[in-house]
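In what follows, a single structure is set out as structure tokens and then discussed.
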Amino acid sequence: MRVELTVNGEPQVADDVWEGESLLYVLRERLGLPGAKNACEQGECGSCTVYLDGTVVCACLVAAGQAEGAEVVTVEGLADGDALDPVQRAFLDAGAVQCGFCTPGLVVAVHDLLARTPDPAEADVREALAGNLCRCTGYEHILAAVRLAAERGGEGRS
Amino acid sequence: MRPFTFVRAIDADQAVAGYAREPEWAMYLGGGTNLVDLMRLGVAEPGLLIDVTRLPYDRVEEAPGGGLRIGAAVRNSDLAADPAVRRDYPVLAAALLAGASGQLRNQATVGGNLLQRTRCGYFQDVTKPCNKRRSGSGCPAVEGDHRNLAILGHSEHCVATHPSDMAVALTALGATVHVRGRAGERIVPMPGLHRLPGDEPDRDTVLDPGDLITAVELPPLELAARSRYRKVRERASFAFALVSVAAALDAEDGAVRDCRIALGGVAHVPWRAEAAEEELRGGPATDDAFRAAADAELAAARPLRDNGYKVPLARELIVRTLAELRDGTGADASGGTP
């Protein structure tokens with residue numbers, strides 16, 4: 001089947017999509033956007049987190065057909081050219097990246113959190129990121145990155 | 001994954017008619033957070049997948065006779081954030097927020113949440129027998145890993161639990177489920193949608209093949225404004241309930257005028273604690289009375305070898321939840337974590 005959708009502001013068409021493919025597969029394998037990662041494939045780890053029509057979801061559990069006509073924003077769509085999004089900058093500055101596999105999903109999830117709650121309490125951050133697993137860092141540097149991004153405020157945040 | 005045909009329904013008649021043409025192989029698809037996973041695991045093998053998320057059932061509105069009418073395609077996050085739900089039925093908002101993760105709540109729909117399948121490990125593992133997945137193949141959980149499974153209402157054929165938090169709140173509130181089937185519309189009460197396993201554990205609900213949930217209606221219920229959901233799980237977030245309690249309490253001058261209690265994580269259905277409610281109405285609103293009421297409900301418990309801990313856990317959770325409602329203490333409506 002054909003799936004037409006908007007990804008990072010650009011209209012995209014994927015042809016010969018098999019019904020059993022996920023939105024994640026379409027993004028990675030058909031549209032050449034490998035930012036969202038394929039890990040657990042069951043909605044547990046959050047490494048495939050993307051915006052779908054304005055809310056963050058696990059792209060691995062979205063059937064390709066359900067993305068027809070949708071507006072998708074992936075981690076590739078957060079930076080403005082070479083200028084990183086403040087959340088990406090905060091992850092770098094806080095050293096919140098180790099192997100990096102969970103990072104794109106976390107960046108999108110944090111981007112969503114701070115867009116809704118610019119100054120979240122620690123408990124709110126932990127709850128908001130409960131669906132994103134990191135097996136390297138122990139989360140402390142990730143939490144520091146969220147605090148840093150929040151402290152820097154909305155300046156330049158897309 | 002087995003090959004299948006994907007269609008997107010634009011109205012309920014089209015969806016129901018589409019199902020009727022392939023009754024052996026059709027399934028409705030909501031948010032997909034459970035079904036897509038089960039398809040990948042080989043547990044669900046639809047030949048026709050009918051996407052019902054674009055049907056015009058995406059609104060929360062006042063019901064004709066008071067109360068709230070919630071469209072079946074409303075996303076769990078949107079329902080939890082709805083001002084009327086938060087004000088008049090805080091137990092429902094808290095139950096929704098206690099379930100899954102933010103990403104999954106953004107995807108999951110009300111109708112799909114009600115019809116999600118058990119997370120019993122044997123059900124999800126196609127290399128193991130399971131009476132729910134393959135009728136007559138046996139239930140390894142009875143003698144196997146059943147630490148998190150049922151203590152009430154189970155049978156020798158199935159000891160699975162219903163995983164939904166939302167459904168526990170809806171059961172306490174006495175919601176009704178609006179269903180469109182081949183014979184037209186009908187209303188199924190909660191409790192009453194889900195069924196005990198008996199000797200047909202493959203049937204989770206009383207719905208017939210092709211029945212489509214279109215809405216859930218909450219009755220006007222004054223005491224629901226004082227209600228809450230408490231959930232005990234193995235970690236602070238993003239885990240299914242070991243035991244959960246949805247409760248509403250109307251107490252005045254130290255006496256219980258009315259109450260609603262339902263339990264999650266203990267049975268094949270969201271479990272309405274009618275015996276406890278009966279025991280409480282008109283009696284004193286004391287911790288001792290709450291404990292006696294919980295004991296009255298749990299007298300029917302038949303714990304398995306390794307899940308006896310759920311009986312005292314459920315008892316103390318009932319007592320604590322009612323005491324907090326009486327005293328106005330504990331987590332607010334947005335919480336839900338003990």
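A, B, ... follow the sequence lines: proteins, then strands. Residue 1 opens every chain.
- Within the 4.5 angstrom heavy-atom criterion, only side-chain atoms of B:Arg105, from C-beta onward, approach chain A.
- For the options B:Arg2, B:Met1, B:Arg40, B:Arg75, heavy-atom pairs under 4.5 Å to chain A are most numerous at B:Arg40.
- In this structure, chain B has a heavy atom under 4.5 Å from the side chain of A:Ala109, while its backbone stays farther away.
- Heavy-atom pairs under 4.5 Å with chain B were tallied for A:Val56, A:Thr49, A:Asn132; the largest tally goes to A:Val56.
- Heavy atoms of B:Leu29 lying under 4.5 Å from chain A belong to its backbone as well as its side chain.
- Under the salt bridge (charged side-chain N to carboxylate O under 4.0 Å, His left out) criterion, B:Arg117 pairs with B:Asp204, sequence neighbours left out.
- A salt bridge is defined here as a Lys NZ or Arg NE, NH1 or NH2 lying under 4.0 Å from an Asp or Glu carboxylate O, and B:Arg180 with B:Asp11 fails to meet this definition.
- Figure legend: cation-pi geometry between B:Arg21 and B:Tyr19 absent, as NZ or CZ is not positioned both under 6.0 Å from the six-membered ring centre and within 45° of its axis.
- Highest contact tally toward chain B, considering only A:Val62, A:Val57, A:Leu113, A:Leu52, is held by A:Val57 [criterion: heavy-atom pairs under 4.5 Å].
- For A:His141 and A:Phe91, the ring centers sit 6.0 Å or farther from each other.
- Among A:Gly46, A:Ala63, A:Cys60, the residue with the largest count of heavy-atom pairs under 4.5 Å with chain B is A:Cys60.
- For B:Tyr57, the ring pair (Phe, Tyr, Trp, His ring centres under 6.0 Å) test picks out no residue, with sequence neighbours left out.
- A salt bridge does not link A:Arg2 with A:Glu68: none of the charged nitrogens is closer than 4.0 Å to a carboxylate oxygen.
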